[in-house]
Amino acid sequence: MNGRNLFGVVLVLVLGAFIAFTTVNRKVSREISPDELHQKIIEKTRYFTPEDVAHFIISEDPALQLIDVRDPKNHNKFTLKGAFNIPLNELLKKENLAYLDQDAYKTIFFSNGSTDADVAWLLATRLGYKNVYVMKGGMNAWIEHILDPREHSVIWDRVDDEMYQYRKGASKFFGGKSDEAVQDNAEDNKPKPKTPTKGKKKEVEGGCG
Amino acid sequence: MEDKSKKFMNPYLAGVLLGFVIIAAFFFSGEGLGGSGAVKDAVRTTVAKIAPSYAENNNYFKSAVDSEHSPIKTWLVFEVLGVLIGGVISGAFAGRLKLMIEHSPKISSKKRIIFAVLGGILFGIGSQLGRGCTSGAGLSGMAVMSVSGFLVVAAIFGTGYLAAWFFRKLWI
Amino acid sequence: MAPIFQQGSEWNLLAALFIGIAFGFVLERAGFSTSRKLAGVFYGYDFTVLKVFFTAAFTAAMGLLYLNYFGVFNYELVWMPTTYVVPTLVGGAIMGVGFIMGGFCPGTSMCGIATGKIDALAFVGGIAIGVFFYGVSYEWLWEDFRLTTNIGKKTMSEVLGISPGIAVLIFIIFGLFVFWLVDKVKKEYNIKDVEY
């Protein structure tokens with residue numbers, strides 16, 4: 001064996017010995033690509049309606065994990081039965097991620113509307129977590145549809161005064177007077193976050209085709 | 001002899017470089033290298049073009065009829081075109097470009113061609129059954145440490161050694 | 001994060017072309033464009049194939065582990081074959097006989113064509129015939145058989161129950177041992193070089 005071969009053998013063995021004691025990192029892989037994420041965003045399969053959630057709670061679904069992503073103040077005022085609180089701005093803390101990083105439970109995020117819960121869902125999905133969902137319409141819809149479908153104004157007041165005041169204000173601004181108009185405005189506001197998504201869809205599809 | 005063998009690269013160095021090529025294939029495209037895939041694609045596309053109704057009813061040729069063509073196949077076609085170009089470049093540098101039928105002095109050119117075709121036929125069948133050839137299933141499979149890659153290499157070289165005795169007159 | 005290019009994109013095809021060029025260049029440099037050198041591995045007069053082949057395989061296996069270690073490569077996003085034990089072994093055995101008869105494998109035959117070997121062209125013609133025959137006889141010979149003994153996308157480390165790094169190290173040591181062994185065999189039995 002000449003010197004050059006010996007050098008090669010030693011080099012390969014040293015490199016091999018080093019890598020032998022590392023572990024293969026598969027975690028990176030679970031972060032999904034922008035394309036996949038986009039696909040999941042435009043599929044609406046992440047949504048459960050408040051009725052679905054109510055059904056899960058009543059039937060005491062053992063695989064249910066409700067996560068309230070509002071701030072603790074709102075959470076302590078009123079929340080869903082069995083829900084625990086992970087405020088959106090603390091979602092990425094390690095101890096909180098431990099709740100999300102599993103397959104056994106179906107995790108349903110909710111906030112006052114859909115937006116904050118959607119953000120939480122987006123982050124969790126981006127991290128590759130499975131089985132994460134959003135309660136569509138959030139607590140507002142919950143109260144409207146489940147707690148008191150008719151006389152919602154009183155309970156609204158209790159759950160989120162600010163939101164209620166804002167909507168009342170907005171309703172006045174748009175010329176509405178009654179509570180029904182408030183509700184209509186709330187409906188009108190809902191598609192708002194979706195609009196940029198639609199624009200993005202076109203862009204990406206154009207790029208691929 | 002001495003200066004002739006010098007024209008070939010040191011096998012270990014060539015191996016390391018080939019390893020880097022495999023890594024590049026995985027790194028840039030997420031694909032393994034291949035040799036037979038392009039031929040397979042060419043055959044399937046040809047059959048689908050010439051006899052579309054037959055191909056439609058054959059489970060093997062059927063997928064080539066679809067307008068949605070699997071991109072991996074096209075990747076392999078481009079890769080094999082590259083192999084041809086790379087071979088010409090290297091051969092030109094080493095002065096090895098020469099039209100010839102290479103065979104052991106003990107056999108005729110005709111015999112060599114016949115056995116080359118027979119060997120090709122077997123490779124064609126075997127590579128479809130084994131899901132890739134020496135480079136595709138074997139080399140790339142071993143690079144990702146897949147069981148399939150090791151099995152196919154063991155089978156190819158194992159049978160090669162077993163059969164070598166019967167065909168020794170072809171080579172030595 | 002690897003893979004860099006998306007499947008089916010033009011960039012990916014361009015990458016394929018360049019990777020192919022590098023592949024062809026190295027194969028030709030190593031002497032894989034000549035069938036007599038390739039066949040030498042089975043008669044002990046030239047072990048180049050074995051050396052190049054195993055060096056390439058463990059270099060790539062180790063390199064991919066390193067890329068993974070540095071967080072730029074991810075095994076789950078790249079090609080990984082499903083293992084069908086018996087079809088793979090039978091297919092490999094058929095290819096083994098084809099190798100000794102034809103003196104090429106598909107990749108090297110492309111290289112042979114590039115340097116003007118007419119026998120390599122005949123070999124590729126043979127592959128096309130073989131693929132055609134396989135396709136014609138697919139439904140009654142192969143279709144069911146090729147799907148038997150499926151053990152999934154298994155890696156050696158999973159089967160042996162060791163970490164991937166250790167598996168690669170064992171593979172390297174095995175490869176080096178084989179290199180030493182074949183040189184010793186050639187010397188011991190005093191196998192003559194063959195002129196080609």
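Quick note on labels: first sequence line is chain A, next is B, and so on, each numbered from 1. Predicted model, so just to flag it, every value in this text is computed and none were measured.
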Novice: Fit a plane to each ring of B/Phe157 and C/Phe42, take the angle between them on a 0 to 90° scale, and name the class: parallel (under 30°), tilted (30 to 60°) or perpendicular (over 60°).
Specialist: tilted
Novice: Can you tell if the side chain of B/Leu18 reaches within under 4.5 Å of the side chain of C/Phe23, non-hydrogen atoms only?
Specialist: yes
Novice: If we only count heavy atoms from C-beta on, is the B/Ser127 to C/Met95 side-chain gap below 4.5 Å?
Specialist: yes
Novice: Just give me the residue among C/Ala57, C/Pro87, C/Ala22 that pairs up with chain B most often, heavy atom to heavy atom, under 4.5 Å.
Specialist: C/Pro87
Novice: Need one label for B/Thr46: side chain, backbone, both or neither, based on atoms under 4.5 Å from any heavy atom in chain C.
Specialist: neither
Novice: Chain C heavy atoms under 4.5 Å from B/Val47: which part of the residue, side chain, backbone, both or neither?
Specialist: side chain
Novice: Considering only heavy atoms from C-beta outward, does the side chain of B/Ile22 approach that of C/Thr59 to under 4.5 Å?
Specialist: no
Novice: May I ask you to check whether C/Thr34 and B/Arg96 show a side-chain donor-acceptor distance below 3.5 Å?
Specialist: no
Novice: Sort out for me which of C/Trp11, C/Phe47, C/Phe18, C/Tyr84 touches chain B most, counting heavy-atom pairs under 4.5 Å.
Specialist: C/Tyr84
Novice: Please evaluate residues C/Met156 and B/Ser146 with respect to the criterion side-chain contact (heavy atoms from CB on, under 4.5 Å), reporting the C-alpha separation (whole Å), side-chain torsions for both, the decisive distance (0.1 Å), and the verdict.
Specialist: CA-CA 6 Å; C/Met156 287 307 276; B/Ser146 97; over 6 Å; no
Novice: Taking CZ in B/Phe20 as the centre, count heavy atoms belonging to other residues, nucleotides or ligands within less than 6.0 Å. Is the count above 12?
Specialist: no
Novice: Please look at B/Leu170 and chain C and tell me whether the side chain, the backbone, both or neither of the residue comes under 4.5 angstrom of a heavy atom of that chain.
Specialist: side chain
Novice: In terms of heavy-atom proximity below 4.5 Å to chain C, should B/Val80 be classed as side chain, backbone, both, or neither?
Specialist: side chain
Novice: Below 4.5 Å, heavy-atom pairs only: which of C/Ser109, C/Ala39, C/Pro106 has the largest tally toward chain B?
Specialist: C/Pro106
Novice: Go through C/Thr115, C/Thr82, C/Val159 and name the one with the most non-hydrogen pairs under 4.5 angstrom from chain B.
Specialist: C/Thr115
Novice: Return yes when atom CZ of C/Phe145 has more than 12 non-hydrogen atoms of other residues, nucleotides or ligands closer than 6.0 Å, and no otherwise.
Specialist: yes
Novice: With a 4.5 angstrom heavy-atom cut-off, which part of B/Ile113 approaches chain C: side chain, backbone, both or neither?
Specialist: both
Novice: Quick check on the interface: out of B/Leu151, B/Val83, B/Leu118, who has the most heavy-atom pairs with chain C under 4.5 Å?
Specialist: B/Val83
Novice: At a heavy-atom separation under 4.5 Å, does B/Phe150 approach chain C through its side chain, its backbone, both, or neither?
Specialist: side chain
Novice: Does the pair C/Val78 and B/Phe27 meet the rule for a side-chain contact (heavy atoms from CB on, under 4.5 Å), with working shown?
Specialist: CA-CA 8 Å; C/Val78 302; B/Phe27 184 74; over 6 Å; no
Novice: So C/Phe132 and B/Phe61, would you call those rings parallel, tilted or perpendicular, with 30° and 60° as cut-offs?
Specialist: tilted
Novice: Any side-chain heavy atom of B/Ile23 within less than 4.5 Å of one from C/Leu64?
Specialist: yes
Novice: Below 30° counts as parallel, above 60° as perpendicular, anything between as tilted: where do the rings of C/Tyr138 and B/Tyr60 land?
Specialist: tilted
Novice: So what's closer than 4.5 Å to chain B heavy atoms on C/Phe5: side chain, backbone, both or neither?
Specialist: both
Novice: For residues 51-65 of chain C, which residue pairs qualify under salt bridge (Lys or Arg N to Asp or Glu O under 4.0 Å), counting only residues two or more places apart or in two chains?
Specialist: C/Lys51-C/Asp183
Novice: Heavy atoms, side chains only, cut-off 4.5 Å: are C/Tyr134 and B/Lys40 in contact?
Specialist: no
Novice: Is there a side-chain contact between C/Asp119 and B/His103 in this structure, where contact means two heavy atoms from C-beta onward sitting under 4.5 Å apart?
Specialist: no
Novice: Enter the distance from C/Ser137:OG to B/Gln128:CD here, rounded to the nearest 0.5 Å.
Specialist: 10.5 Å
Novice: When only pairs under 4.5 Å are counted, which of C/Phe32, C/Phe104, C/Phe53 shares the most heavy-atom pairs with chain B?
Specialist: C/Phe53
Novice: Any donor and acceptor pair, going by atom type alone, linking the side chain of B/Glu31 with main-chain N or O of C/Trp79 inside 3.5 Å?
Specialist: no
Novice: Of the listed residues (B/Val147, B/Asn58, B/Leu99, B/Leu97), which shares the most heavy-atom pairs with chain C below a 4.5 Å separation?
Specialist: B/Val147
Novice: Can you tell me which of C/Phe99, C/Phe179, C/Trp142 forms the most heavy-atom pairs within a distance under 4.5 Å of chain B?
Specialist: C/Phe179
Novice: Should we count OH of B/Tyr54 as having more than 12 external heavy atoms under 6.0 Å?
Specialist: yes
Novice: Any idea which heavy atoms bring C/Glu139 and B/Asn59 closest together, and the distance?
Specialist: OE2-N, 2.6 Å
Novice: Might you point out which heavy atoms bring B/Gly141 and C/Pro81 nearest each other, and give the distance in Å?
Specialist: CA-CG, 4.5 Å
Novice: Please flag which part of B/Val16 lies under 4.5 Å from any non-hydrogen atom of chain C: side chain, backbone, both or neither.
Specialist: both
Novice: Before you tell me yes or no, could you show the steps for C/Met110 and B/Leu81 under side-chain contact (heavy atoms from CB on, under 4.5 Å), namely the whole-Å CA-CA distance, both residues' side-chain angles and the distance that decides it to 0.1 Å?
Specialist: CA-CA 9 Å; C/Met110 293 297 165; B/Leu81 283 177; over 6 Å; no
Novice: Quick one: what part of C/Phe58 sits under 4.5 Å from any heavy atom of chain B, side chain, backbone, both or neither?
Specialist: neither
Novice: Which bit of B/Ser36 is near chain C, if near means a heavy-atom gap under 4.5 Å: side chain, backbone, both or neither?
Specialist: both
Novice: Quick check on C/Leu67 against chain B: is it the side chain, the backbone, both or neither that has a heavy atom closer than 4.5 Å?
Specialist: side chain
Novice: Do the non-hydrogen side-chain atoms of B/Tyr161 and C/Val41 ever get within less than 4.5 Å of each other?
Specialist: yes
Novice: For the CG atom of B/Leu122 and the CD1 atom of C/Ile100, what is their distance to the nearest 0.5 Å?
Specialist: 12.0 Å
Novice: Name all pairs fulfilling the side-chain hydrogen bond (donor to acceptor under 3.5 Å, both in side chains) condition that reach into residues 79-91 of chain B, sequence neighbours left out, sorted by first residue then second.
Specialist: B/Ser90-C/Glu28, B/Ser90-C/Arg29
Novice: Would B/Arg168 and C/Tyr43 count as a cation-pi pair here, with the cationic atom under 6.0 angstrom from the ring centre and within 45° of the axis?
Specialist: no
Novice: Hey, are the side chains of B/Arg131 and C/Arg146 touching, using non-hydrogen atoms and a 4.5 Å cut-off?
Specialist: yes
Novice: Looking at chain C, which one of B/Ala92, B/Ser29, B/Ser140 has the largest number of heavy-atom pairs inside 4.5 Å, strictly under?
Specialist: B/Ser29
Novice: Checking the side chain of B/Thr159 only, and the main-chain atoms of C/Gly96 only, is there a donor and an acceptor separated by less than 3.5 Å?
Specialist: no
Novice: Specify the closest pair of heavy atoms between C/Val97 and B/Ala163, including all atoms of both residues, with the distance to one decimal.
Specialist: CG2-CB, 4.4 Å
Novice: What part of C/Val49 gets closer than 4.5 Å to chain B, counting heavy atoms only: side chain, backbone, both or neither?
Specialist: side chain
Novice: Need one label for B/Ser109: side chain, backbone, both or neither, based on atoms under 4.5 Å from any heavy atom in chain C.
Specialist: neither
Novice: Tell me whether B/Trp171 contacts the main-chain N or O of C/Gly103 through its side chain, where contact means a donor paired with an acceptor under 3.5 Å.
Specialist: no
Novice: Out of B/Gly124, B/Cys133, B/Ala24, B/Ser135, return the one with the most heavy atom pairs under 4.5 angstrom to chain C.
Specialist: B/Gly124
Novice: Under the criterion side-chain contact (heavy atoms from CB on, under 4.5 Å), I'd like the reasoning laid out for B/Val144 against C/Thr155: C-alpha separation, chi angles, the key distance, then a yes or no.
Specialist: CA-CA 8 Å; B/Val144 288; C/Thr155 63; over 6 Å; no
Novice: Could you walk me through whether C/Phe123 and B/Phe123 pass the ring-ring contact (aromatic ring centres under 6.0 Å, His included) check?
Specialist: CA-CA 9 Å; C/Phe123 185 84; B/Phe123 242 106; 5.8 Å; yes
Novice: For C/Leu65, is it the side chain, the backbone, both or neither that has a heavy atom under 4.5 Å from a heavy atom of chain B?
Specialist: neither
